[in-house]
Amino acid sequence: MATVKTLGQFIIEKQADFPYAKGELSRLLRDIGIAAKIVNREINKAGLVDILGEAGTVNVQGESQKKLDIYANEQFISALESGGECCLVASEENEEVVLLNSKFSKDGKYIVAIDPLDGSSNIEVNVAVGTTFSIYRRKTNIDEEPNESDVLQRGTEQVAAGYIVYGSSTMLVYTTGKGVNGFTLDPSIGEFCLSHPDMKIPEDGTIYSINEGYYVHFPEGVKKYIKYCQVHDKETHRPYTSRYIGSMVADLHRNLIRGGIFIYPTTASNPKGKLRLVYECNPLAFIIEQAGGRATNGFKRILDLDVTEVHQRSCIFIGSKNMVLKAEEMMHEYS
Ligand code: AHG
Ligand code: MN
Ligand code: MN
Ligand code: MN
């Protein structure tokens, strides 16, 4: 019987990869795992307790906040505050960066960027939602107060990144730059257990994920790529299958396992793209690249994009390498 390896055991084992680390990153990853279990518990009860529906507030994105957006945000921030390794959080749900000032955390070496609840529109209808997070080293000195400049770092500077997908099972998938590993929550012991070691995304795939409701305003290259996906061609296994959940984390997780491409291009209502670079595109791009895939804005690598604002948006083409390359070819030719 294969022995169960928990997230905690795995993190300690892998710490050997970082001889200079004194365990801070390990503890930070464990703190995130703890918050994920607490949020998971509430998501699984959603509908039974008063945690559904609108909070009656609007976030900096102009989106009406769901109660679970706010609950998840509070849980992750308080887990990071008590953990002590993180000194600042940038969150989709907070306009300004949040300084963690407890006596433990103000000297934290790391900062965390987070989308506490991705796919909020799916909560009431019991469809998978997620969390995404990025971890960076703080740039400000330990004797300075951390500030927004600590977040404005390129995706290539990430120390670690990951996501939690609250789906038919709850999984935590993360990378520290040495491959991607997936852990499934075993509720009977309350532990994330290694279930998907060394995850790799197939170089080719037959799934494309895009909200075709916005087709009319898509760039010409995206329209051409969608038509390419729909043409009958036995040799290249087309037409592909269209799958779009409306939670980027869930769409990306399926494509990571099966192969596929997720595209959120520029649209009329989001001329710079809808997804946020710092806490959605960069963490997922880091993971997909570490799993052998590709992530660009159609022209430039996501991880190389300059970060000038915390809530900066970007369009994104992410997934199986050869599918993203094909879509880029059409963007170069037609857009
Ligand atoms: P969030 O719920 O964190 O605001 O993110 C939702 C994002 C992403 O998860 C999803 O792929 C996308 O919004 C769906 O947008 P559309 O409804 O415009 O397709
Ligand atoms: Mn949102
Ligand atoms: Mn999101
Ligand atoms: Mn969100």
Side-chain angles (χ1 to χ4, degrees), residues 32 35-36 38-40 42-43 46 51-77 79-80 89-98 112-125 127-134 151 155 161-167 170-174 209-211 214 244-256 262-265 267 269-270 272-288 295 297 302 307 309-319:
I32 289 173
I38 295 171
V39 170
N40 175 66
E42 286 313 293
I43 287 175
I51 194 106
L52 286 180
E54 307 294 329
T57 47
V58 174
N59 66 11
V60 64
Q61 330 282 341
E63 300 165 344
S64 71
Q65 288 176 305
K66 310 283 185 193
K67 287 179 187 156
L68 213 47
D69 277 325
I70 293 174
Y71 176 81
N73 197 39
E74 287 165 353
Q75 289 307 317
F76 279 102
I77 289 177
L80 292 170
V89 175
S91 165
E92 177 197 344
E93 304 306 334
N94 295 83
E95 179 160 7
E96 305 301 328
V97 292
V98 178
V112 173
I114 190 161
D115 174 1
L117 204 79
D118 176 63
S120 324
S121 59
N122 283 329
I123 298 166
E124 284 95 274
V125 293
V127 169
V129 292
T131 296
T132 52
F133 63 88
S134 273
V151 184
Y163 63 80
I164 297 106
V165 52
Y166 310 95
T170 295
M171 277 194 69
L172 185 148
V173 175
Y174 83 96
S209 308
I210 188 167
N211 185 339
Y214 305 128
Y244 192 75
I245 297 172
S247 296
M248 181 181 187
V249 167
D251 278 314
L252 184 111
H253 182 70
R254 181 207 49 246
N255 293 354
L256 169 53
F262 174 95
I263 303 175
Y264 205 110
T267 63
S269 43
N270 285 296
K272 289 190 179 156
K274 171 184 183 182
L275 298 170
R276 284 56 58 118
L277 177 58
V278 169
Y279 40 79
E280 287 173 315
C281 299
N282 268 337
L284 297 178
F286 188 17
I287 286 176
I288 284 295
N297 63 5
I302 291 286
V307 181
E309 292 161 38
V310 174
H311 302 290
Q312 172 175 343
R313 294 176 191 261
S314 173
C315 53
I316 187 164
F317 297 67
I318 184 169

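Remember, it's 1-based here, ligands and their atoms both numbered in the order they're listed.
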So, are Arg276 and Glu63 salt-bridged, with charged N and O less than 4.0 Å apart?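 Glu63 and Arg276: salt-bridged.
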Any salt bridge linking Lys67 with Glu54? Criterion: basic side-chain nitrogen under 4.0 Å from a carboxylate oxygen.
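Looking at Lys67 and Glu54, the cut-off is not met.
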Considering all heavy atoms, the nearest [X]-[Y] contact:
X: Val310; Y: Ala90; answer: CG1-CB, 3.9 Å
X: Gly319; Y: Ile288; answer: O-CG2, 3.8 Å
X: Val129; Y: Gly119; answer: CG1-O, 3.3 Å

For Glu280, the N, O or S atom at the shortest distance from the Mn ion (ligand 3) is OE2
Total protein N/O/S atoms sitting under 2.8 Å from the Mn ion (ligand 2), waters ignored, is 2
What class does the angle between the rings of His311 and Tyr279 fall in, given that below 30° is parallel, 30 to 60° is tilted and above 60° is perpendicular?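 Rings of His311 and Tyr279: perpendicular, as their planes differ by over 60°.
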